[in-house]
Amino acid sequence: MKKSTIWLLTIVMAATIMGLLFVQIMYMEDMVRMRNEQFSETVQRSLYAVSDALEQDETRFYLDQDLNEAERYQFELGDRLPSEITGTINSQGLGENKTAKPEIGSGNFKFSGQYENQQAILKGQYLYQKGLLNEVILSILTQASDRPIVERADSARVNSYIKKELESNGLEVPYEFALVSPR
(Lines give C-alpha, C1' and ligand atoms only; values in the text may rest on other atoms or scores of the structure.)
Protein backbone atom coordinates (compact mmCIF):
# COMPACT_ATOMS: atom_id res chain seq x y z
CA MET A 1 0.00 0.00 0.00
CA LYS A 2 1.07 3.44 -0.77
CA LYS A 3 1.85 5.92 1.91
CA SER A 4 -0.78 8.35 0.61
CA THR A 5 -3.48 5.67 0.80
CA ILE A 6 -2.54 4.90 4.40
CA TRP A 7 -2.72 8.60 5.28
CA LEU A 8 -6.06 8.92 3.51
CA LEU A 9 -7.46 5.90 5.39
CA THR A 10 -6.12 7.30 8.67
CA ILE A 11 -7.80 10.65 8.06
CA VAL A 12 -11.10 9.00 7.08
CA MET A 13 -11.00 6.73 10.17
CA ALA A 14 -10.16 9.70 12.44
CA ALA A 15 -13.03 11.71 10.91
CA THR A 16 -15.39 8.76 11.38
CA ILE A 17 -14.35 8.32 15.01
CA MET A 18 -14.77 12.07 15.62
CA GLY A 19 -18.24 11.95 13.99
CA LEU A 20 -19.28 8.99 16.13
CA LEU A 21 -17.94 10.72 19.23
CA PHE A 22 -19.91 13.88 18.32
CA VAL A 23 -23.13 11.88 17.77
CA GLN A 24 -22.63 10.07 21.07
CA ILE A 25 -22.06 13.36 22.95
CA MET A 26 -25.17 14.89 21.38
CA TYR A 27 -27.17 11.78 22.35
CA MET A 28 -25.94 12.03 25.96
CA GLU A 29 -26.83 15.74 26.12
CA ASP A 30 -30.35 14.97 24.85
CA MET A 31 -30.73 12.23 27.45
CA VAL A 32 -29.64 14.57 30.25
CA ARG A 33 -31.97 17.32 28.99
CA MET A 34 -34.92 14.90 28.77
CA ARG A 35 -34.29 13.55 32.28
CA ASN A 36 -34.12 17.10 33.65
CA GLU A 37 -37.39 17.94 31.91
CA GLN A 38 -39.02 14.79 33.31
CA PHE A 39 -37.76 15.63 36.79
CA SER A 40 -39.05 19.21 36.54
CA GLU A 41 -42.41 18.01 35.26
CA THR A 42 -42.73 15.47 38.06
CA VAL A 43 -41.86 18.08 40.68
CA GLN A 44 -44.34 20.55 39.14
CA ARG A 45 -47.08 17.91 39.14
CA SER A 46 -46.33 17.09 42.78
CA LEU A 47 -46.37 20.76 43.79
CA TYR A 48 -49.69 21.32 42.02
CA ALA A 49 -51.15 18.37 43.93
CA VAL A 50 -49.79 19.79 47.22
CA SER A 51 -51.27 23.18 46.37
CA ASP A 52 -54.62 21.56 45.64
CA ALA A 53 -54.54 19.68 48.96
CA LEU A 54 -53.73 22.89 50.84
CA GLU A 55 -56.58 24.70 49.09
CA GLN A 56 -58.94 21.90 50.12
CA ASP A 57 -57.70 22.17 53.71
CA GLU A 58 -58.32 25.91 53.70
CA THR A 59 -61.79 25.45 52.21
CA ARG A 60 -62.52 22.81 54.86
CA PHE A 61 -61.39 25.31 57.54
CA TYR A 62 -63.78 27.97 56.26
CA LEU A 63 -66.63 25.45 55.90
CA ASP A 64 -66.10 24.29 59.48
CA GLN A 65 -65.94 27.88 60.67
CA ASP A 66 -69.12 28.82 58.80
CA LEU A 67 -70.96 25.70 59.98
CA ASN A 68 -69.98 26.44 63.57
CA GLU A 69 -71.37 29.96 63.19
CA ALA A 70 -74.59 28.56 61.69
CA GLU A 71 -74.93 26.04 64.53
CA ARG A 72 -74.34 28.77 67.10
CA TYR A 73 -76.96 30.95 65.40
CA GLN A 74 -79.39 28.03 65.33
CA PHE A 75 -78.71 27.34 69.01
CA GLU A 76 -79.43 31.00 69.80
CA LEU A 77 -82.77 30.74 67.98
CA GLY A 78 -83.79 27.98 70.36
CA ASP A 79 -83.67 25.11 67.87
CA ARG A 80 -86.93 26.16 66.20
CA LEU A 81 -85.92 24.99 62.75
CA PRO A 82 -85.64 21.23 63.46
CA SER A 83 -88.97 21.10 65.28
CA GLU A 84 -90.68 22.93 62.43
CA ILE A 85 -89.25 20.47 59.92
CA THR A 86 -90.18 17.47 62.10
CA GLY A 87 -93.68 18.82 62.55
CA THR A 88 -94.04 19.32 58.83
CA ILE A 89 -92.78 15.84 58.05
CA ASN A 90 -95.05 14.19 60.63
CA SER A 91 -98.10 16.13 59.45
CA GLN A 92 -97.48 14.86 55.92
CA GLY A 93 -97.74 11.28 57.00
CA LEU A 94 -94.19 10.11 56.48
CA GLY A 95 -94.50 7.78 59.43
CA GLU A 96 -96.95 5.68 57.47
CA ASN A 97 -95.85 3.18 54.85
CA LYS A 98 -97.17 4.81 51.71
CA THR A 99 -95.71 4.34 48.28
CA ALA A 100 -95.14 7.20 45.90
CA LYS A 101 -97.48 7.19 42.96
CA PRO A 102 -95.89 9.29 40.27
CA GLU A 103 -98.08 11.09 37.79
CA ILE A 104 -96.72 11.12 34.30
CA GLY A 105 -97.06 14.49 32.69
CA SER A 106 -95.03 15.97 29.84
CA GLY A 107 -92.31 13.36 30.17
CA ASN A 108 -91.43 14.16 33.79
CA PHE A 109 -92.40 12.30 36.92
CA LYS A 110 -94.29 14.55 39.28
CA PHE A 111 -95.08 13.45 42.81
CA SER A 112 -98.58 14.18 43.93
CA GLY A 113 -99.90 15.83 47.09
CA GLN A 114 -97.89 14.99 50.15
CA TYR A 115 -94.66 14.51 48.23
CA GLU A 116 -94.68 18.00 46.70
CA ASN A 117 -94.26 19.41 50.21
CA GLN A 118 -91.34 17.06 50.78
CA GLN A 119 -89.80 18.26 47.54
CA ALA A 120 -90.25 21.84 48.71
CA ILE A 121 -88.50 21.02 52.00
CA LEU A 122 -85.61 19.35 50.19
CA LYS A 123 -85.38 22.27 47.79
CA GLY A 124 -85.26 24.65 50.75
CA GLN A 125 -82.48 22.61 52.35
CA TYR A 126 -80.59 22.59 49.06
CA LEU A 127 -80.93 26.35 48.67
CA TYR A 128 -79.79 26.84 52.27
CA GLN A 129 -76.70 24.70 51.70
CA LYS A 130 -75.99 26.47 48.41
CA GLY A 131 -76.20 29.82 50.20
CA LEU A 132 -73.88 28.48 52.89
CA LEU A 133 -71.33 27.43 50.27
CA ASN A 134 -71.61 30.83 48.58
CA GLU A 135 -70.89 32.51 51.92
CA VAL A 136 -67.88 30.26 52.44
CA ILE A 137 -66.53 31.03 48.97
CA LEU A 138 -67.00 34.75 49.58
CA SER A 139 -65.20 34.52 52.92
CA ILE A 140 -62.36 32.57 51.29
CA LEU A 141 -61.98 35.24 48.65
CA THR A 142 -62.11 38.14 51.10
CA GLN A 143 -60.45 36.75 54.24
CA ALA A 144 -57.93 34.17 53.01
CA SER A 145 -55.22 36.69 52.34
CA ASP A 146 -55.73 38.26 55.78
CA ARG A 147 -54.60 35.11 57.60
CA PRO A 148 -50.84 34.68 57.91
CA ILE A 149 -49.28 31.87 55.92
CA VAL A 150 -48.29 30.08 59.13
CA GLU A 151 -51.97 29.68 60.07
CA ARG A 152 -53.06 28.72 56.56
CA ALA A 153 -50.40 26.06 55.95
CA ASP A 154 -48.82 24.11 58.77
CA SER A 155 -45.23 23.21 57.84
CA ALA A 156 -45.55 19.64 59.13
CA ARG A 157 -48.66 19.08 57.03
CA VAL A 158 -47.01 20.66 53.97
CA ASN A 159 -43.97 18.43 54.49
CA SER A 160 -46.16 15.30 54.65
CA TYR A 161 -48.07 16.37 51.52
CA ILE A 162 -44.85 17.01 49.61
CA LYS A 163 -43.30 13.73 50.71
CA LYS A 164 -46.43 11.76 49.79
CA GLU A 165 -46.77 13.39 46.36
CA LEU A 166 -43.09 13.03 45.47
CA GLU A 167 -43.15 9.36 46.46
CA SER A 168 -46.35 8.73 44.50
CA ASN A 169 -44.66 10.25 41.43
CA GLY A 170 -41.60 8.04 41.84
CA LEU A 171 -39.19 10.62 43.30
CA GLU A 172 -37.37 9.72 46.46
CA VAL A 173 -34.91 12.56 46.73
CA PRO A 174 -33.99 14.76 49.67
CA TYR A 175 -35.60 18.19 49.54
CA GLU A 176 -36.00 21.39 51.50
CA PHE A 177 -38.89 23.81 51.45
CA ALA A 178 -39.94 27.09 52.98
CA LEU A 179 -43.32 28.71 53.55
CA VAL A 180 -43.10 32.28 52.36
CA SER A 181 -45.84 34.86 52.36
CA PRO A 182 -46.07 36.83 49.10
CA ARG A 183 -46.09 40.16 50.99
Side-chain angles (χ1 to χ4, degrees), residues 25-90 92 94-95 100 111 115-183:
I25 290 173
M26 294 300 292
Y27 177 73
M28 295 268 244
E29 285 179 354
D30 283 347
M31 274 184 29
V32 168
R33 183 184 49 79
M34 285 178 19
R35 288 210 175 167
N36 285 337
E37 287 175 359
Q38 285 177 341
F39 177 79
S40 296
E41 181 182 331
T42 302
V43 169
Q44 280 291 73
R45 188 174 41 243
S46 298
L47 290 177
Y48 283 136
V50 169
S51 172
D52 187 46
L54 290 172
E55 287 174 354
Q56 288 178 4
D57 286 348
E58 190 167 6
T59 304
R60 191 174 301 114
F61 169 79
Y62 282 108
L63 277 172
D64 289 342
Q65 183 181 9
D66 208 37
L67 284 174
N68 288 337
E69 289 177 15
E71 287 175 356
R72 190 179 74 243
Y73 177 73
Q74 186 179 13
F75 181 72
E76 290 172 0
L77 288 177
D79 294 329
R80 282 184 277 176
L81 185 60
S83 63
E84 290 173 4
I85 291 174
T86 306
T88 306
I89 291 172
N90 287 338
Q92 293 175 359
L94 282 183
F111 291 102
Y115 295 102
E116 287 179 0
N117 290 336
Q118 292 172 9
Q119 286 177 340
I121 290 171
L122 290 175
K123 183 178 178 182
Q125 289 174 347
Y126 168 76
L127 291 175
Y128 170 74
Q129 291 174 351
K130 182 179 177 187
L132 188 66
L133 286 175
N134 286 339
E135 288 177 24
V136 168
I137 291 170
L138 181 63
S139 67
I140 289 172
L141 292 174
T142 58
Q143 298 172 1
S145 60
D146 294 341
R147 289 178 54 208
I149 191 75
V150 176
E151 290 180 13
R152 293 171 40 201
D154 180 27
S155 62
R157 181 175 287 159
V158 172
N159 186 31
S160 68
Y161 285 158
I162 291 173
K163 183 176 181 180
K164 181 184 85 170
E165 288 300 326
L166 288 176
E167 286 176 357
S168 70
N169 284 318
L171 288 177
E172 294 185 17
V173 293
Y175 61 90
E176 292 182 12
F177 73 95
L179 297 176
V180 180
S181 181
R183 291 184 216 174

- Task: Quick one: do Y161 and D52 satisfy side chain to side chain donor-acceptor pair (under 3.5 Å)? Show the steps, please.
- Result: CA-CA 10 Å; Y161 285 158; D52 187 46; over 6 Å; no

- Query: What is the distance from atom CG of L122 to atom CG of L127, rounded to the nearest 0.5 Å?
  - Reply: 11.0 Å

- Message: With a 3.5 Å distance limit and no angle check, can you tell me whether N159 reaches the backbone of S155 through a side-chain donor-acceptor pair?
- Response: no

- Rounded to the nearest 0.5 Å, how far apart are CG of N169 and CD of Q44? 11.5 Å

- CZ (R45) and OG (S40) are apart, to the nearest 0.5 Å, by 11.5 Å

- Tightest non-hydrogen contact, residues S46 and E165, listed as OG-O, 3.5 Å

Side chains of residues 28-37: which donor-acceptor partners sit under 3.5 Å, not counting sequence neighbours?
{"from": "R33", "atom 1": "NH1", "to": "E37", "atom 2": "OE2", "distance (Å)": "3.2"}
{"from": "N36", "atom 1": "ND2", "to": "V32", "atom 2": "O", "distance (Å)": "3.4"}

- Task: Take atom OH of Y48 as the centre, draw a 6.0 Å sphere, and report whether it contains more than 12 heavy atoms from other residues, nucleotides or ligands.
- Result: no

- Gap separating the NZ atom of K164 from the CG atom of L166, nearest 0.5 angstrom: 11.5 Å

